[in-house]
Amino acid sequence: QVQLVESGGGLVQPGGSLRLSCAASGSIFSINAMGWYRQAPGKQRELVATITSGGSTDYVDSVKGRFTIARDNAKNTVFLQMNSLKPEDTAVYYCNAKVLTTSFYRRDYWGQGTQVTVSS
């Protein structure tokens with residue numbers, strides 16, 4: 001099995017910054033890509049940012065220039081640096097990993113979610 005453990009969420013004022021972390025562990029052969037999704041109350045889950053094992057990144061338009069995704073491949077960890085936060089960034093953020101397991105099945109795994117609240 002594979003476990004993704006998230007940390008770093010919390011309450012921050014508009015314009016502030018927050019850094020999320022997600023560490024994957026377990027029966028991992030390799031991780032092709034990792035990413036962050038978020039879900040606000042009453043809305044569908046959306047993709048925020050992704051990063052491949054080669055370092056290629058992609059972002060949803062609403063966070064470009066404010067958020068930065070990075071990863072430490074040796075530690076199977078992905079980070080999301082969030083700057084200039086806005087109230088509309090408030091959501092539960094979920095880590096995702098596309099994992100090739102040691103049994104050589106390629107599967108998606110999810111973190112438990114971490115709450116990010118941006119409010120005055």
- [ ] In sequence, state the C-alpha distance, the side-chain angles, and the governing distance for Ser17 and Met82, and then conclude on side-chain contact (heavy atoms from CB on, under 4.5 Å).
- [x] CA-CA 5 Å; Ser17 297; Met82 303 184 293; over 6 Å; no
Open item on the list: Working note: Thr77 + Asp72, criterion side-chain hydrogen bond (donor to acceptor under 3.5 Å, both in side chains); need CA distance, chi angles, decisive distance, verdict.
Closed with: CA-CA 5 Å; Thr77 300; Asp72 184 339; over 6 Å; no
TODO: Any chance you could lay out the side-chain contact (heavy atoms from CB on, under 4.5 Å) test for Thr68 and Tyr59, step after step, and finish with the verdict?
DONE: CA-CA 9 Å; Thr68 302; Tyr59 301 89; 3.9 Å; yes
Task: Pair Leu85-Leu18, side-chain contact (heavy atoms from CB on, under 4.5 Å): steps then yes or no - done: CA-CA 8 Å; Leu85 282 162; Leu18 211 57; 3.9 Å; yes
- [ ] Take Asn96 and Arg45 through the test side-chain contact (heavy atoms from CB on, under 4.5 Å) and record every step on the way to the result.
- [x] CA-CA 12 Å; Asn96 170 266; Arg45 186 175 299 186; over 6 Å; no
TODO: Determine, step by step, whether Ser103 and Thr101 satisfy the side-chain hydrogen bond (donor to acceptor under 3.5 Å, both in side chains) criterion, reporting the C-alpha distance in whole Å, the side-chain angles of both residues, the deciding distance to 0.1 Å, and the verdict.
DONE: CA-CA 5 Å; Ser103 59; Thr101 69; 2.9 Å; yes
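Applying the ring pair (Phe, Tyr, Trp, His ring centres under 6.0 Å) test to residues at least two apart or on different chains, the pairs with a partner in residues 18-48 are Phe29-Phe104, Tyr37-Trp110. Sorted pairs that involve residues 72-99 and meet ring pair (Phe, Tyr, Trp, His ring centres under 6.0 Å), not counting sequence neighbours, are lacking altogether.
Here the side chains of Val99 and Arg107 are not in contact, with every heavy-atom distance at 4.5 Å or above. In this structure, the side chains of Ile28 and Val2 come closer than 4.5 Å at one or more pairs of heavy atoms. Contact annotation: the side chain of Ser84 approaches that of Arg66 to within less than 4.5 Å [non-hydrogen atoms, C-beta and beyond]. Side-chain atoms of Arg38 and Glu46, non-hydrogen and from C-beta on, do get closer than 4.5 Å to each other.
In terms of heavy-atom proximity, Leu20 sits nearest to Gly9 at CD2-N, 3.6 Å. When all heavy atoms of Val118 and Lys86 are compared, the pair lying nearest together is CB-O, 3.3 Å. Taking both residues in full, the closest heavy atoms of Ile31 and Ala24 are given as CD1-CB, 3.9 Å, listed atom of the first, atom of the second, then distance. Across all non-hydrogen atoms, the minimal contact from Met34 to Arg71 is N-NH1, 4.0 Å. For Ala91 against Ala40, the heavy-atom pair with the smallest separation is CB-N, 3.8 Å. The heavy-atom pair separating Asn73 from Ser53 by the smallest distance is ND2-O, 3.2 Å.
Atoms OG1 and CD1, on Thr57 and Ile69 in that order, are 8.0 Å from each other to the nearest 0.5 Å. For the atom pair Lys75 NZ and Ser21 OG, the distance stands at 10.5 Å (nearest 0.5 Å). Going from atom CG of Leu11 over to atom OG of Ser119 covers 6.5 Å, rounded to the nearest 0.5 Å.
Side-chain contact, Glu88 with Thr90: no donor N or O sits under 3.5 Å from an acceptor N or O.
Using a distance-only test at 3.5 Å, with no hydrogens or angles considered, a donor-acceptor pair links the side chain of Gln112 to the main chain of Glu6.
Salt-bridge check for Lys64 with Asp61: passed, with a basic side-chain N closer than 4.0 Å to an acidic carboxylate O.
If you chain together hydrophobic residues whose side chains sit under 4.5 Å apart, Leu4 and Val92 never meet in one group.
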